Amino acid sequence: MNEMEELYREIILDHNKRPRNFRKMEDCTHHADGHNPLCGDEIEVFVKIEDGRIADISFQGEGCAISKSSASLMTSALKGKTLEEAHREAGIVISMLTGKGATADVEELGDIAALQGVRQFPARVKCATLSWHALEASLKGEAGTSTE
Ligand code: FES
């Protein structure tokens, strides 16, 4: 494992051990469930939008280390961002994880770049995208989504 991979591994382990924004939000304006049918895990994402910005974002649910770390990284990164920025970042992350897009922009996402190692494990990609799909569903006003 090279230095960068070790750093990414530490970021993911840290977010799994101490997930940020891991709570239900009572006064959210949007929320949606993300369901991974491969394992049955669910992550619920809560968002509070104020003046076109994500004033608060949190998640709860059951998931593996990758899904929890990804949700924690997502909520840490998106708090305070505009909706446009959030959609852009979600698009970059999902493209990066599914291999459907360029990965060049990933470095600008800071710690979220740690998720790119997941690409080497195709069975875990849906774990990492789960909360991002739930975020997109919530912003579209949908109640839930599935990674299938
Ligand atoms: Fe269920 Fe990862 S194993 S979300």
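Heavy atoms only: backbone and side chains are in, while hydrogens, waters and symmetry mates are out. All figures in this text were calculated on a predicted structure; none of them were measured in a lab.
Distance alone, capped at 3.5 Å, places no donor-acceptor pair between the R18 side chain and the N16 backbone. At distances below 3.5 Å, not a single donor-acceptor pair connects side-chain atoms of E89 with backbone N or O atoms of A86.
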Practice item. Using the side-chain contact (heavy atoms from CB on, under 4.5 Å) rule, take C127 and N36 through it: C-alpha gap first, then chi angles, then the decisive distance, then the call. Key: CA-CA 7 Å; C127 307; N36 184 349; 4.3 Å; yes

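Between L73 atom CG and I12 atom CD1 the span is 7.0 Å, to the nearest 0.5 Å. A distance of 8.0 Å separates CZ in F59 from OG in S67, rounded to the nearest 0.5 Å. With rounding to the nearest 0.5 angstrom, the OG1 atom of T98 is 9.5 Å from the CE atom of M96. Note that NE2 of H87 is 10.5 Å distant from CG of L78, once rounded to the nearest 0.5 Å.
Residues N21 and T75 have side chains that bring a donor and an acceptor to within less than 3.5 angstrom of each other.
Across all their heavy atoms, C64 and R124 have their closest contact at SG-NH2, 3.1 Å. Considering every non-hydrogen atom in both A134 and A32, the closest pair reads O-CB, 3.5 Å. What you find for L135 and I57 is that their closest heavy atoms are CD1-CD1, 3.9 Å.
L13 and L7 are not part of a single hydrophobic cluster, where members link through side-chain heavy atoms under 4.5 Å apart. In the hydrophobic clustering of ILVMFWY residues, with side-chain heavy atoms under 4.5 Å counting as a link, M25 and L139 come out apart. Note: the hydrophobic cluster containing F121 does not contain M4 (ILVMFWY, side chain heavy atoms under 4.5 Å, direct or indirect links).
Tested against H15, the residues S69, S72, S70 include a single side-chain hydrogen bond (donor to acceptor under 3.5 Å, both in side chains) partner, S72.
In this structure, I66 and L130 have side chains that are not in contact, with every pair of non-hydrogen atoms separated by 4.5 Å or more. Here the side chains of T145 and W132 are not in contact, with every heavy-atom distance at 4.5 Å or above. Inter-residue side-chain proximity for Q116 and R119 is flagged as met; some heavy-atom pair is nearer than 4.5 Å. M74 is not listed as a side-chain neighbour of I112, based on a closest heavy-atom distance of 4.5 Å or more. Within the 4.5 Å cutoff, the side chain of D14 has no heavy atoms near those of the I11 side chain. Annotation: side chain of T129 is not in contact with side chain of V118 (no heavy-atom distance under 4.5 Å).
Applying the salt bridge (charged side-chain N to carboxylate O under 4.0 Å, His left out) rule to E6 yields the partners R9; only residues at least two apart in sequence or on another chain are considered.
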Which pairs would a plain distance check flag for residues 39-53, meaning a side-chain donor or acceptor within less than 3.5 Å of a matching protein atom at least two apart in sequence or in another chain?
unit_1	atom_1	unit_2	atom_2	d
E42	OE2	H35	ND1	3.4
E44	OE1	Q60	NE2	3.4
E44	OE2	H31	ND1	3.0
K48	NZ	D27	OD2	2.9
R53	NH1	G80	O	2.7

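The salt bridge (Lys or Arg N to Asp or Glu O under 4.0 Å) pairs that include a residue from residues 54-80 are R23-D56, D56-K79, where partners are two or more places apart or lie in different chains.
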